[in-house]
Every structure is written in C-alpha cells, then in structure tokens.
Amino acid sequence: MNLTDRVVVITGGAGGIGAALARRFAAEGAAAVVLADLDAHATAAVAESVGPVARGVAVDAADEGQVRDLVADTERRYGRIDLFCANAGVATGSGIDAPDADWDRAWRVNVLAHVYAARAVLPGMLARGGGHLMHTCSAAGVLTAVGDAPYTATKHAAVGLAEWLAITYRDQGIRVSALCPQGVDTPMLADGLATGHLAARVIAASGPVLTGDQVADAAVAGLAEERFLILPHPEVAGYALRRAEDPDGWQAGLRKLVRRLRAAGPPPA
Ligand SMILES: NC(=O)c1ccc[n+]([C@@H]2O[C@H](COP(=O)([O-])OP(=O)(O)OC[C@H]3O[C@@H](n4cnc5c(N)ncnc54)[C@H](O)[C@@H]3O)[C@@H](O)[C@H]2O)c1
C-alpha cells in the first residue's frame, strides 16, 4: 500500500508513534488521517499540528461501541477506510504481581482493542475488496519485555492475533502488518528511563532507541512492500532467530544482560 489519497485511522494518535505515523502519512499525501485517542484536547492539538487532512477524535480504543462508532463515522465522512492502525498501547512496568486491574487494562488495550478494530473495519474492507490493518505490537511480542509481564504476554497475543488475521483474510484482499519496534523515544519508554526502570534499561541496552519518525519511515516502507512483520530495528530478526533456534541460550544471554544492569545499579538521577 502506498499512502497517496488513502483514508487512515490511527488509535493512540495523540502522541509518540501514533503522531509520527500521522505526520508521515500526511506528508505521503493521505486524503484523511483520523487520530483517535483518550484525551480530546491533546488529540485535537496533534491533528491541528499535522495539518488540514487530520482530524482528532476522543475514542477509547478498548471500548467496542466507541470503535464501531469511530469506524462508522469515518466511513460516512470519507467513504471508506483504507488503513486502520491499531496503535494505542499501554505498559505496566510490573511483574507477575501486577494487580489484576493492570493485567486487565493491558489485555483490553493491547489485544482486545485490536479485535474490536478488526471486527469494525473488516466488513467495509471486505465489501470493497481490500484494505490494510497495521497493528502496533512490539519487539516484546516476538521476544520478551524484561520487567513487564503483562506487556510481554499481551504483545505476544497481539502478534498471534495479527498473524491469524493475515492468514485468514489475505485471499480476500486484506493485508495485515505487525509493527514491532524495540526502543522508541516516546513517553512510554522515556518515563521508564527517567525512573531507571529495569524494563526500560534492558530495552535501551539491546539496541538503538529510535525516534517516532524513524519508526514511521519503517512503517511506510513495510506498508509499501505489504510486509507482515515490520521491524524498525532489523536486529530484532536476528534475536528472534536465535530465540527460535536456541531458546535456552537466548534466555541465558538475556539473564546475563539483566545481571549486568542490576549490578551496575540504576543510573544517577
Ligand atoms: N515506545 C516504545 O519503546 C515502544 C516499543 C515497542 C512498541 N511500542 C508500542 O507502540 C504503541 C504506541 O506507543 P508509544 O511508544 O507511542 O507510547 P505513548 O505512550 O506515547 O502513546 C500511546 C498512546 O496510546 C494512547 N492510549 C492508551 N490507551 C488508550 C485507549 N484505551 N484508547 C485510545 N488511546 C489510548 C495514549 O493516550 C497515548 O497517546 C503502543 O502500542 C506501544 O506498546 C512502543
């Protein structure tokens, strides 16, 4: 897919990767870019900064009724949705003892929101004979996020769901991509780095921390090639290969990195 004249929806569009995608899609000549996020004012402000093709709306991506309304309203205004980016996501920074409320929120935003998006957008795409879903998952969904159990489990589920959708609908003209970055300089990671959280430090030690714009560049290239797995950090493919070929060796390497970071202690404030 190229973005010229496309109608695009991006959840989690009020900041970070979502806002960078919106800027890049507008620059590529998209006909409309609808940004959906929790905070109406923040979303409208980002839409304004993107330009006249962008529109900001307050939507909870984990609420199926709101997602259905978002899709129906966009199709009414612009006639279709060519690309739906299920990008909203949450980290917890917690291990297995994360409160059930955190597990539930991660499950609802990182996984169920992707189900709701697909349910809402597929009927129109199938009727028109084509469309593209891009789910922002994470390298955590093909590897692991040390220090964040709910994030790891739900991002793995998100990749599994995206793969299922890709296989099931490809022959009906639907393309599905899983965008799986490692570290990206957005509030999600910056907050963790600022507090010296182990999860953020492992990410920063595992590869370069990219800008949202670099992730948007990779997304546009991956969409153009209709690739399923879009890896803004190419080294993630090597890590995933090593994990598949030698899971015990891969885990041992990661545990060694964690021991080294723990021994070094958190960076000075
Ligand atoms: N930053 C990273 O290092 C990194 C790495 C890999 C994957 N990701 C993924 O990229 C995506 C975007 O994250 P980001 O890094 O831009 O972080 P971010 O925190 O800047 O942006 C996430 C956005 O999602 C929105 N959001 C959260 N819950 C929502 C809901 N229920 N409905 C609508 N919007 C909601 C937030 O308001 C926020 O604007 C997420 O899915 C995240 O898991 C981030």
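Numbering of ligands and ligand atoms starts at 1, following listing order.
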For ligand 1, list all ligand N or O to protein N or O distances below 3.5 Å, rounded to 0.1 Å.
from, atom 1, to, atom 2, distance (Å)
ligand 1, 1 (N), Val184, O, 3.2
ligand 1, 1 (N), Thr186, OG1, 2.9
ligand 1, 3 (O), Gln182, O, 3.4
ligand 1, 3 (O), Val184, N, 2.9
ligand 1, 3 (O), Val184, O, 3.4
ligand 1, 8 (N), Tyr151, OH, 3.4
ligand 1, 15 (O), Thr186, OG1, 2.6
ligand 1, 16 (O), Ile17, N, 2.8
ligand 1, 31 (N), Asp60, OD1, 2.8
ligand 1, 32 (N), Ala61, N, 2.8
ligand 1, 34 (N), Asp37, OD1, 3.3
ligand 1, 37 (O), Asp37, OD1, 2.6
ligand 1, 39 (O), Asp37, OD2, 2.7
ligand 1, 41 (O), Asn87, O, 2.9
ligand 1, 41 (O), Lys155, NZ, 3.0
ligand 1, 43 (O), Tyr151, OH, 2.6
ligand 1, 43 (O), Lys155, NZ, 2.9

For [X], which fellow cluster members are found when Ile, Leu, Val, Met, Phe, Trp and Tyr are connected by side-chain heavy-atom distances below 4.5 angstrom, either directly or through intermediates?
X      : result
Ile96  : Trp103
Met188 : Tyr151
Val90  : Val109

**OP:** Salt-bridge test for Asp213 and Arg24: reply yes if a basic N is under 4.0 Å from a carboxylate O, no otherwise.
**Re:**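 Between Arg24 and Asp213 there is no salt bridge, as every charged N stays at least 4.0 Å from the carboxylate O atoms.
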Subject >> SB check Asp102 Arg105 (cutoff 4.0 Å) >> reply: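 Salt bridge: no.
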Original post:
Hey, does the Lys NZ or Arg CZ of Arg242 hover above the aromatic six-ring of Trp250, less than 6.0 Å from the centre and inside 45° of the axis?
Top reply: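 No, Arg242 does not lie over the aromatic ring of Trp250.
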